[in-house]
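One structure below.
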Amino acid sequence: MENNQQKSQIFIYRKQIHLIVADRKDYLSSIIKNKIVSSLNKSLVPMEYSYKAFKKAFKNMKKTAPLVYDEIEALIKSNIVPIDKRKKIFKKTDLAELGDTITSSLIKKIPTMDERELKKIVGSRSSQTFIDMLAKGLSMASFSEKEYTLLSKEKKFKRVLIANRGEIALRVIRACRELEIETVLVYSKQDKDTLAVKFADKAYYLGAGISYLDTGKIINIAKKTKADAIHPGYGFLAENAKFAKLCEKNKIKFIGPSSKTIELLGDKVRAKKAVLKAKVPVIRGTIKTLKNKKHAIKLAAKLGFPIMIKAASGGGGRGMRIVRNKEELEKSYESAEVEAYLSFGDKILYMEKYIEDPRHIEFQILADQYGNVVHLGERDCSVQRKHQKLVEESPSPAINDELRENMGDAAVKVVSAAKYLGAGTVEFLLDKNENFYFIEMNTRIQVEHGVTEMVTGVDLVKEQIKLAAGANLTFNQDNIKLDGWAIECRINAEDPLNNFHPSIGTIINYLPPGGPGIRVNSICHQGYKVLPDYDSLLSLLICHGRDRDEAITRMRGALREYLIEGIKTTIPFHLAVMYDKNFVKGNVTTSFIEKNDIINCLRKYCWGKRKELTNGQKVILVTTAVSKYMEKKNSYSNNKPNAWIMAGRQELMENNEV
């Protein structure tokens, strides 16, 4: 300590600034200095109680109870449990307050839990995620929804406009309802009586025909209803960079990546160049678009047949042709151009080497605005007809853990290179030697997203909406685990025995299947009208099992239970696939349907003769129809049925009893 003649001193001890006043006569000066010291101390508080200091304090907990530590870390990162900079939280009273907040958060997720069991699970290093702990403690079924993102209440959308129709519109409505977000649906004349219009909070008429592509009307309705965001679903405007840019211009959030990202990945040639820079393997082919037919023939000769020509601005098999020689190329080039233009408004094509008998494998990804990316495993979409997916499953029977890790890492590289935001799908072809090649990325939610939801427990539509609102991913790749097996069949209004010709009409009887592990995403109901104006998708039937065999068994049963009368459907086709010995073995490629003669197997496996009605049953049907007709004509007094007809029905039923 200095003598009394020394001037006042300021020094730091234990992260606090202190003042020594040597001369009491210097009292006024000491007051000023005390204020300075106080201000400096306040400036040190945020540093002292910063996230890093807090993390260090819980270092021991990270070792002994890693799951609780991860939960606390996620709560702090998302500002659900803020660090109060005005308090010294390391005091016992403040720690108790913090503990109460964290405990409250955990208890909300664990309505009933034995304390001893909780301690046992919390300390277990074999438990990879906090959600795993919940599932074990509650003895939950194999399917339990998991949330991989956290979003503060301030960022949550209040109202979302859905610019789509059919099954996906209803799917988004349900997701928004669970997130407590109001929904606004736009609809066409043909869809005025659909379930989506009925269940949306608000519905606005667009017009007839191609109204779902009327971007001006959609934006005006979004502004009129004060929608925070627009969900495009899949198809229509989902991958339209111009529409995404229009949303950005009007300060309406497009639920999907930015317009620049859509533009980059939508141009297959530009996307290919970007992927090559990220050192992800691609199929050998042109890195420039084709100028004309003559240019295509010249490049094909260098590349070597067979080749494939594709639409530069599209996907989904549109504008795509497999060409095995020069003559075929001359015939196919113009038709591919026309189809590309009609589908995407752009006739530009490019060329790739054709890979014989590959598998079509795609990886589901989630990416936030902070650069965090995870993949949720793969889907095998190899059962296709004319490049249109018909059956999807997850995981793939052809992929082992090592290959999954390599392909998943490649998918993450693609997404990171494109600075992607939201839910998306990276697609690959896998050859016989387990070499994989990037083909494209779909910048939207996929039709088959439900397959991934069944094996991961993640609601992808909800996560997509939250990510668009600014949520951050709180889990890393090691936390993602696949549980069981899921298979999806796309039920279309098509006649598989008549070259899959569209079937239009009214559904007169509808009964979906049920039971453990069965999920039906559909817009159908009795009286639903299937019109020729839109695609033929009726329903997505998804079955989950402990393993692939159980998933197949459940799918067979569900398909046989599924009753859709009044129109033709692809249910018989799917039954033929499920009973095919090569499908059961997992020997599936993109040429599966042709090589296994699935179409000719339809009658053998699925199309039994319907039991003929007895004469008595026919009379009952006729008399009932006549009775109903007469009732409408008000032929009976007091609206009572004719006693003679009722007596006749009763007699016929008694005579036909077995």
Side-chain angles (χ1 to χ4, degrees), residues 156-177 179 181-263 265-266 313-316 342-346 421-424 442-447 461 464-469 523 531 533-535 537:
K156 192 178 80 170
F157 295 136
K158 294 180 181 178
R159 189 174 295 110
V160 169
L161 183 144
I162 302 165
N164 215 302
R165 63 175 298 278
E167 177 274 328
I168 187 59
L170 194 56
R171 176 72 184 84
V172 176
I173 288 171
R174 287 169 175 157
C176 287
R177 186 184 296 151
L179 291 170
I181 297 173
E182 186 179 325
T183 54
V184 177
L185 181 74
V186 292
Y187 66 94
S188 66
K189 181 180 179 181
Q190 296 90 330
D191 287 331
K192 63 184 178 65
D193 297 320
T194 60
L195 293 178
V197 174
K198 180 180 179 181
F199 293 141
D201 294 309
K202 295 179 181 178
Y204 287 80
Y205 178 62
L206 274 172
I210 58 170
S211 51
Y212 290 104
L213 299 175
D214 193 331
T215 57
K217 278 188 179 180
I218 292 171
I219 290 294
N220 286 338
I221 292 172
K223 291 168 74 174
K224 179 181 177 180
T225 58
K226 297 181 180 180
D228 302 304
I230 294 178
H231 197 301
Y234 49 68
F236 293 123
L237 298 170
E239 295 180 281
N240 189 311
K242 291 181 180 178
F243 179 64
K245 193 170 186 178
L246 190 60
C247 290
E248 293 164 0
K249 184 179 178 181
N250 286 275
K251 296 181 180 180
I252 301 169
K253 185 63 183 179
F254 178 83
I255 299 180
S258 68
S259 58
K260 289 183 179 178
T261 302
I262 296 174
E263 193 172 2
L265 295 172
S313 298
L342 292 174
S343 300
F344 313 112
D346 185 351
L421 169 64
N442 289 311
T443 57
R444 55 177 167 79
I445 197 75
Q446 291 279 83
V447 176
V461 179
Q464 181 193 29
I465 294 169
K466 288 164 68 179
L467 287 168
I523 197 71
L531 303 174
D533 304 87
Y534 303 108
D535 65 79
L537 181 65

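Listed for the Lys156 side chain is a donor-acceptor partner under 3.5 Å among the backbone atoms of Leu179. A donor-acceptor pair under 3.5 Å is formed between the side chain of Asp535 and the backbone N or O of Leu537. A donor-acceptor pair under 3.5 Å is formed between the side chain of Asn164 and the backbone N or O of Pro232. Under the 3.5 Å distance criterion, the side-chain polar atoms of Asp228 are matched with a main-chain donor or acceptor of Arg159.
We find the CD-CG distance between Glu239 and Asn442 to be 5.0 Å, quoted to the nearest 0.5 Å. Annotation: the span from Asp533 atom CG to Lys189 atom NZ amounts to 10.5 Å, rounded to 0.5 Å. Rounding to the nearest 0.5 Å gives a distance of 12.5 Å between CG of Leu265 and CZ of Arg444. Separation of atoms CG (Asp191) and CG (Leu531) is listed at 8.0 Å; rounding is to 0.5 Å. Of the inter-residue distances, the one linking Lys224 atom NZ with Ile219 atom CD1 reads 15.0 Å to the nearest 0.5 angstrom. Of the inter-residue distances, the one linking Phe243 atom CZ with Asp214 atom CG reads 10.0 Å to the nearest 0.5 angstrom.
Residues Ala222 and Ile230 approach most closely at CB-CD1, 4.0 Å, considering heavy atoms. For the pair Ser188 and Ser211, the tightest heavy-atom approach, listed with the atom from each and the gap, is CB-OG, 3.3 Å. For Thr183 against Ala200, the heavy-atom pair with the smallest separation is OG1-CA, 3.6 Å. The nearest pair of heavy atoms linking Ile465 to Cys176 is CD1-SG, 3.8 Å. Of all heavy-atom pairs between Ala423 and Ile445, the closest is CB-CD1, 4.4 Å. Scanning both residues, Ala169 and Leu185, for their nearest heavy atoms gives CB-CD1, 4.0 Å.
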inquiry  = If you apply the rule side-chain contact (heavy atoms from CB on, under 4.5 Å), what do you find for Leu161 with Ile218, and how did you get there?
reply    = CA-CA 9 Å; Leu161 183 144; Ile218 292 171; 3.8 Å; yes

inquiry  = Show, in sequence, the C-alpha distance, side-chain angles and deciding distance for Gln464 and His231, and conclude whether the side-chain contact (heavy atoms from CB on, under 4.5 Å) test is met.
reply    = CA-CA 10 Å; Gln464 181 193 29; His231 197 301; 2.7 Å; yes

inquiry  = For Lys223 and Asn250: C-alpha separation, side-chain torsions, deciding distance, then whether side-chain contact (heavy atoms from CB on, under 4.5 Å) applies.
reply    = CA-CA 8 Å; Lys223 291 168 74 174; Asn250 286 275; 3.4 Å; yes

task = Could you go through the side-chain contact (heavy atoms from CB on, under 4.5 Å) check for Asp201 and Val184 one step at a time?
result = CA-CA 6 Å; Asp201 294 309; Val184 177; over 6 Å; no

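Side-chain contact check for Ile262 versus Asn240: every heavy-atom pair is 4.5 Å or farther apart.
Checked against a 6.0 Å centroid threshold, the rings of Tyr204 and Tyr187 do not count as neighbours.
Ring orientation note: the planes of Tyr212 and Tyr534 are nearly perpendicular, at an angle over 60° on the 30°/60° scale.
The neighbour count for Lys245 NZ, taken as heavy atoms of other residues, nucleotides or ligands under 6.0 Å away, does not exceed 12.
For residues 166-175, the salt bridge (charged side-chain N to carboxylate O under 4.0 Å, His left out) pairs, not counting sequence neighbours, are Arg171-Glu453, Arg171-Asp459.
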